[in-house]
Protein chains: 2
Amino acid sequence: MEGMTATERRSSWRDRAEERLTAAGYRRGGARTVLLDLLDAQRCARTVLEIEDELRASDRAVGRASIYRVLDELEQLHLVQRIEVGQGIARYERIAPDHHHHHLVCQNCGVMVPFTDDALEDAIHRLSTGAGFEVTSHDVVLYGRCADCRAAADAEAGST
Amino acid sequence: MEGMTATERRSSWRDRAEERLTAAGYRRGGARTVLLDLLDAQRCARTVLEIEDELRASDRAVGRASIYRVLDELEQLHLVQRIEVGQGIARYERIAPDHHHHHLVCQNCGVMVPFTDDALEDAIHRLSTGAGFEVTSHDVVLYGRCADCRAAADAEAGST
DNA sequence: TTTTCTGCAAACTGTTTGCAAAGGC
DNA sequence: GCCTTTGCAAACAGTTTGCAGAAAA
């Protein structure tokens, strides 16, 4: 990261977000800035409550309502994607310009693993064009057990 | 329905459900029976609140808690599928034995249209087997505009 | 100085839980 | 009669909203 060129830094999610927010007429409030920092650094989709805890822990606490409000704005501007992962819990993840992906959710430990698959995208794309229905976005979530939980379960089965 | 043979009736969702519930050690309570009737007759996925209203309207009211409990049991037994459709609202739909499908959700009018696609299933199946992750189920939701809303929008665009 | 943004607390909504009464076996 | 199922009401969790003060432009 340290070795980034100016151009690379310019094209970061963080900067694109700031640009688009300004263009949409938003001011740069404290909560918004902190949120952008966090989202830019995040590696995987988070819930609002996780975000809240994380910010409180790093003593840059932000009111819950503000988190919801900012995430909502960011979603409208297509800077953040909201992912529903069962049990009525929503997770938020920044949208990387060229990194469309879906998620595997482990029903044992809850971990989310991103994945991409061209055949899947092709199938959806073909569907989208021939459906009468006009598809603007899609969500694919696979549920099961992650490699770790599988290994753990296997080990246990083997030892009994 | 009246002209059904014994075999056809035997293979109905309703009867399979009852069988499986009994096998799992459940008794036949009033709420459960009413719920089974409703689910068996339903044409599309419903929310719990919709179910509650519907039952109250048909003067066979069932407590909300019971609806949740029964749907939960039915989901465990794979007799009912829970579908998350954004905004943290869950919909429930009975599982037809040979009719696995996904949903298109119209972001304009909210209608849900079921669809099936072999290429999509193939892609997911291939993913499932080669992932390290053990996939037990999957959810695909396509968002967009249904044919009706599209037509309406086009008509409006044409007239202006 | 005007308008937006923020945090707080209260309100809401969908869901879950505890408990006493009703009902199946 | 024992144990499950049910309904009610209260508890909960995530989310939204109203409002007064703080902060940006």
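Protein chains get the first letters and strands the later ones, always in sequence-line order, with residue 1 at the start of each.
- For the pair B:V62 and A:L49, nearest-nucleotide mapping onto DNA chain D gives the more 5' position to B:V62.
- Taking atom CG of B:D72 as the reference point, atom P of D:dT6 lies 13 Å away to the nearest angstrom.
- Spacing between atom CZ of B:R27 and atom P of D:dT4 amounts to 6 Å, rounded to whole angstrom units.
- Among the nucleotides C:dT15, D:dT15, C:dC5, the one closest to any side-chain atom of A:R32 is C:dC5.
- Atoms CD (A:E52) and P (C:dT6) sit 15 Å apart, rounded to a whole Å.
- Summary of the strand contacts: A:R69 and A:R64 both lie near DNA chain D, and taking for each the nucleotide with the nearest heavy atom, the more 5' one is attributed to A:R64.
- Side-chain contact check for A:Q81 and A:H101: no donor-acceptor pair (N or O, by modelled atom type) lies under 3.5 Å.
- Whole-Å rounding puts the A:L36 CG to C:dT6 C1' distance at 15 Å.
- Of the candidates D:dG14, C:dT15, C:dT6, D:dG14 carries the atom nearest the A:I89 side chain, counting heavy atoms from C-beta on.
- Residue A:V70 has its side chain nearest to C:dT6 when only C:dT3, C:dT6, D:dT5 are considered.
- Between A:I67 atom CD1 and D:dT16 atom P the separation is 13 Å, expressed in whole Å.
- In this structure, B:R82 atom CZ and C:dT15 atom P are separated by 7 Å, rounded to whole Å.
- A:W13 contributes no side-chain N or O that, together with a main-chain N or O of A:A41, makes up a donor-acceptor pair within less than 3.5 Å.
- Between A:H138 and A:H100, the ring centre distance stays below 6.0 Å.
- Note: CZ (B:R91) to C1' (C:dT13) measures 15 Å, nearest angstrom.
- Contact annotation: A:Y68 side-chain N/O to D:dT15 OP1/OP2 distance is under 4.0 Å.
- For B:E93 and B:R46, the salt-bridge test fails: no basic side-chain N is under 4.0 Å from an acidic carboxylate O.
- The residue among A:G25 and B:T47 whose nearest nucleotide of DNA chain C is located toward the 5' end is A:G25.
- Taking only side-chain atoms of B:R28, from C-beta outward, the nucleotide of C:dG24, D:dA24, C:dC5 with the closest atom is C:dG24.
- Using a cutoff of 4.0 Å between basic side-chain nitrogens and carboxylate oxygens, B:R56 and B:D53 are scored as salt-bridged.
- Rounded to a whole Å, the CG atom of A:L21 is 15 Å from the P atom of C:dT4.
- Residue contacts for B:A65: at a heavy-atom cut-off of 4.0 Å it reaches a base atom on one of the strands shown.
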